[in-house]
Amino acid sequence: MEKINIAIADDNERMQEMLGNVIKQDDTLELIGQTGNGNDIYSIIRDKEPDVVLLDIFMPKMDGLTVNEDKNLKKRPAFIVVSAVGEERITEDAFRLGAYYYVLKPFDNETLLNRIKATKGMTAVRRYHPRNFTNSGKEPICPPENSLEIDVTNMIHEIGVPAHIKGYQYLRDAILLSVEDTEM
């Protein structure tokens, strides 16, 4: 199985170390770079092409939202925002700019690892939105075939439930369990 390459951008060195340790404990993940500012993570993304970037919002030189919004990258990684800021406007901006997940500090290590692994194969899915159209609005873009977990996550984001609110994970898990029960 191919490893998922991870890069970390957080201006807090202790948080960089903690995130690095979480990644190193999983054999399916590989840490390929880490930094404390936005300019350097941009260089790491451009040069090393990570699959996933764990990104803090507020950093020196370039903030996480600015890094996340660049559409000119040869390979666009999955961005997972890991931040202590739970303000709804900032969370919405992160998702609008293409963040896959928004994880609030302090976080559960297992949850973070699950989020990282869930991004595998989601690149095309995150760009899909029911209101996106091609051919001058004539033909809707069809989402690629994906998992139930991705569908549920996208639906919850679509109806506007921010990932940082208390109970988000319970809601998501409840939907997944109820769908699995009806399939039996």
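Note that the structure is predicted; figures quoted are calculated from it, not measured.
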> Between Asp26 and Lys117, is a salt bridge (Lys or Arg N to Asp or Glu O under 4.0 Å) present by the stated rule, with each step listed?
Replying inline: CA-CA 11 Å; Asp26 192 305; Lys117 292 174 185 178; 2.5 Å; yes

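- Counting heavy atoms from C-beta outward, Val82 and Leu55 have side chains that stay 4.5 Å or more apart.
- The side-chain hydrogen bond (donor to acceptor under 3.5 Å, both in side chains) test applied to Lys24 returns no partner, not counting sequence neighbours.
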> Should Val52 and Ile4 be marked as a side-chain contact (heavy atoms from CB on, under 4.5 Å) after you check the CA-CA gap, both sets of side-chain angles, and the distance that decides it?
Replying inline: CA-CA 7 Å; Val52 177; Ile4 300 172; 3.8 Å; yes

> Would Tyr42 and Asn37 satisfy side-chain contact (heavy atoms from CB on, under 4.5 Å), going step by step from the backbone distance to the final call?
Replying inline: CA-CA 9 Å; Tyr42 186 77; Asn37 72 67; over 6 Å; no

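- Here Glu30 pairs with nothing under the salt bridge (Lys or Arg N to Asp or Glu O under 4.0 Å) rule; sequence neighbours left out.
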> Would Val53 and Ile80 count as a side-chain contact (heavy atoms from CB on, under 4.5 Å) if you check the C-alpha gap in whole Å, the side-chain angles of each, and the deciding distance to 0.1 Å?
Replying inline: CA-CA 6 Å; Val53 175; Ile80 298 176; over 6 Å; no

> Which is it for Leu29 and Ile116 under the side-chain contact (heavy atoms from CB on, under 4.5 Å) test, yes or no, and what are the steps along the way?
Replying inline: CA-CA 9 Å; Leu29 308 177; Ile116 291 169; 3.8 Å; yes

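- For Ser83, there are no side-chain hydrogen bond (donor to acceptor under 3.5 Å, both in side chains) partners at least two apart in sequence or on another chain.
- Considering all non-hydrogen atoms of both residues, Ala78 and Thr119 come closest at CB-CB, 3.7 Å.
- When the side chain to side chain contact (heavy atoms under 4.5 Å, CB included) test is applied to Glu13, no partner is found at least two apart in sequence or on another chain.
- Every residue was checked against the salt bridge (Lys or Arg N to Asp or Glu O under 4.0 Å) condition with Lys48, not counting sequence neighbours, and none meets it.
- Summarising the geometry, atom CG belonging to Leu112 is positioned 10.0 Å from atom CE belonging to Met18; distances are rounded to the nearest 0.5 Å.
- By the side chain to side chain contact (heavy atoms under 4.5 Å, CB included) test, Asn109 pairs with Val22, Gln25, Phe107, sequence neighbours left out.
- Applying the side-chain contact (heavy atoms from CB on, under 4.5 Å) test between Gln34 and each of Ile8, Ile41, Ile44 identifies Ile8 as the sole match.
- Within the structure, salt bridge (Lys or Arg N to Asp or Glu O under 4.0 Å) contacts touching residues 98-112 (residues at least two apart or in different chains) are Asp10-Lys105, Asp56-Lys105.
- Legend: residues meeting side-chain hydrogen bond (donor to acceptor under 3.5 Å, both in side chains) with Asp51, ordered by chain and number and at least two apart, are Lys75.
- Among all heavy-atom pairs drawn from Ala118 and Tyr101, the shortest one is CB-OH, 3.4 Å.
- Residues Leu54 and Ile32 fall into different hydrophobic clusters, defined by Ile, Leu, Val, Met, Phe, Trp and Tyr side chains chained together at heavy-atom separations under 4.5 Å.
- Open room surrounds CG on Asp27; 12 or fewer heavy atoms of other groups in view lie less than 6.0 Å from it.
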